[in-house]
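A quick write-up on the structure given underneath.
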Amino acid sequence: MTIKRIVIVGGGTAGWMAAAALSRMVKAHDLKVTLVESEMIGTVGVGEATIPPFVEFNDALGIDEAEMMSATQASFKLGIHFVNWQSVGDSYFHPFGTYGYDIGGCSFHHIWLKYRMQGDDRPLHKFSPETMAAMHRKFAKTPADQPGDLPPINYAYHLDASAYARFLRRFAERNGVIRQEGKVDHVELHSESGFVQSITLEGGQQIAGDFFVDCTGFRGLLIEQALKTGYEDWSRWLPCDRAVALPTAGNGTVLPYTRATAHKAGWQWRIALQQRNGNGHVYCSSFMEDQEALDILTANVEGEIQADPNFLRFVTGRRKKFWNKNVVALGLAAGFMEPLESTSIHLINTGVNKLIALLSLEGITQAQENTFNRLTRKEYERIRDFLILHYNATERDDSEFWNYCRRMDVPDSLKDKIELFRLNGQVFREEDELFAATSWVAVMMGQGILPASTIAMAGAIPEPGLKTEYDDIEKSIDYLVHNMPSHDEYLARYCPANVI
Ligand code: FAD
């Protein structure tokens, strides 16, 4: 069966990201791409923080960054400030980018550990340009005359997700994607193959396709309701299952980072856009009622509340298959892990990339399905482990929720990672996992997992050259950040909000 008609069901962030990417093939291959969405149902209405690979996604589409940022009242994001995770009152920063850079084949944090063990008390974050810029509320892209050998500044965006979907819709429609308004009433399967043949909208209009992309959100209209794919539940490790979101008016300064503040049965996000702040409280219904969650959120937001609270329910986990027959699920239809590290839009991004890389218009093979599922499963599991770390590596004993998280049995893959880090600070990026060593180091150290020693090689790099280079890195970062404009100035100059 050749593929001539692709139907995307759902027009949230996932649907329009898929449509924008697939739209580039429409004219070249005379491909018909239709996106069906229902204004009556609407979208999930949250999802505003991204991570650096999202910058590349837009770039690969040829999207003008400043134009996109203006249209979505976006701000820059340099990382996440975690408050109250190890214990109440403490905080740390998980930066994008790296600490310093590798020296003599050693990751920078090993060098830092070596000096720390010799009594140098400079905190690790002094060696992260992104953290230092964030702390001073500054931002600039990497200047041509960046000092020393520092790597480029790594950043992502906070953006208005609805405005981003509208932006991508214009992009996709310009490239020939057809948008169809309507609510899907039922899905027809082929009697022998079990492939999805068509969808029928309320009112009777039938839309047939050769390949379907399920972007219908938590409903999973095709992947679950029609194909009964099944779901793997991870809530024993990530027990939060509710969220309440509440936007507030902007209050002047736009922070170039997300803030994640732990409360007694979950945590609160604060995401600064140019004209408003996104806020929400993710919590666990076994330990907290909805009203208490809302009260905590309301008591901890800044600025005037701009809308009624949006309550959401979810089950953390993933579909047993992401690609099943002639359906690929993206976004919330594929699975969900809470937004602690802003990984959902990223998983849409990598899902779209894999789909584009695997899609053949000549037909569908089992090898494509298997490959997509194997790669995606690993991606999900690695992110899952990283999220569990935030909950498990805590000293908090001030609530039943934290006692549960501290004592829970974590997956073996994570146990090994923690044990190795405790031994000598070593951490490996495995199987193309999203989070690099910097991320694991930031969260482990930030939450009190300190290595007993450092790797032997760190002590074998010749002195005094090493110490001079180490000091120079700190000076270069100070110089770089000192000369950056404020984040607010940069936004005003580069991409002032102009939401359509
Ligand atoms: P949705 O937005 O739910 O879109 C579903 C689409 O399907 C809609 O267009 C709907 O109309 C359509 N549809 C459904 N049923 C039918 C039907 N029968 N007929 C026709 N159309 C139909 N991600 C991040 O990366 N960063 C974050 O900061 C972040 N924060 C989050 C906070 C919370 C509390 C939650 C729950 C999620 C968060 N996410 C975040 C995830 C992010 O919101 C989603 O990954 C993203 O919005 C994609 O959603 P979606 O397009 O899959 O689904």
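Start at 1 and go down the list; that is how both ligands and their atoms are numbered. Remember, predicted model here, so these are calculated numbers, not experimental data. Numbers here simply count residues along the sequence, with the first being 1.
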Checklist entry - What about the rings of Y380 and F322, do their centers lie closer together than 6.0 Å? => result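 Yes, close enough.
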Item to check | With sequence neighbours excluded, residues passing salt bridge (Lys or Arg N to Asp or Glu O under 4.0 Å) with E188 | outcome: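 Listed in chain order: nothing, the list is empty.
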Item to check | Residue list, ring-ring contact (aromatic ring centres under 6.0 Å, His included) with F211, at least two apart or on another chain | outcome: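 With neighbours one apart ignored, the set is W323.
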Next on the checklist: Can you confirm if the NZ or CZ of K417 lies within 45° of the ring axis of W440 and under 6.0 Å from the centre of its six-membered ring?
Outcome noted: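 Verdict for W440: a cation-pi partner in K417.
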Checklist entry - Who are the side chain to side chain contact (heavy atoms under 4.5 Å, CB included) partners of D210, not counting sequence neighbours? => result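 Counting only residues at least two positions away or on another chain, D210 forms a side chain to side chain contact (heavy atoms under 4.5 Å, CB included) with M1, I3, K4, R5.
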Checklist entry - When you check the gap from the basic side-chain N to the acidic O, do E130 and K138 get nearer than 4.0 Å? => result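 No salt bridge links E130 with K138.
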Checklist entry - Which protein residues have a heavy atom under 4.0 Å from ligand 1? => result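 The answer is G10, G11, G12, T13, A14, E37, S38, I41, G42, T43, V44, V46, G47, E48, A49, G182, K183, V184, C215, T216, G217, R219, L221, A243, W269, L312, G331, L332, F336, P339, S342, S344, I345, I348, counting any residue whose heavy atom sits under 4.0 Å from ligand 1.
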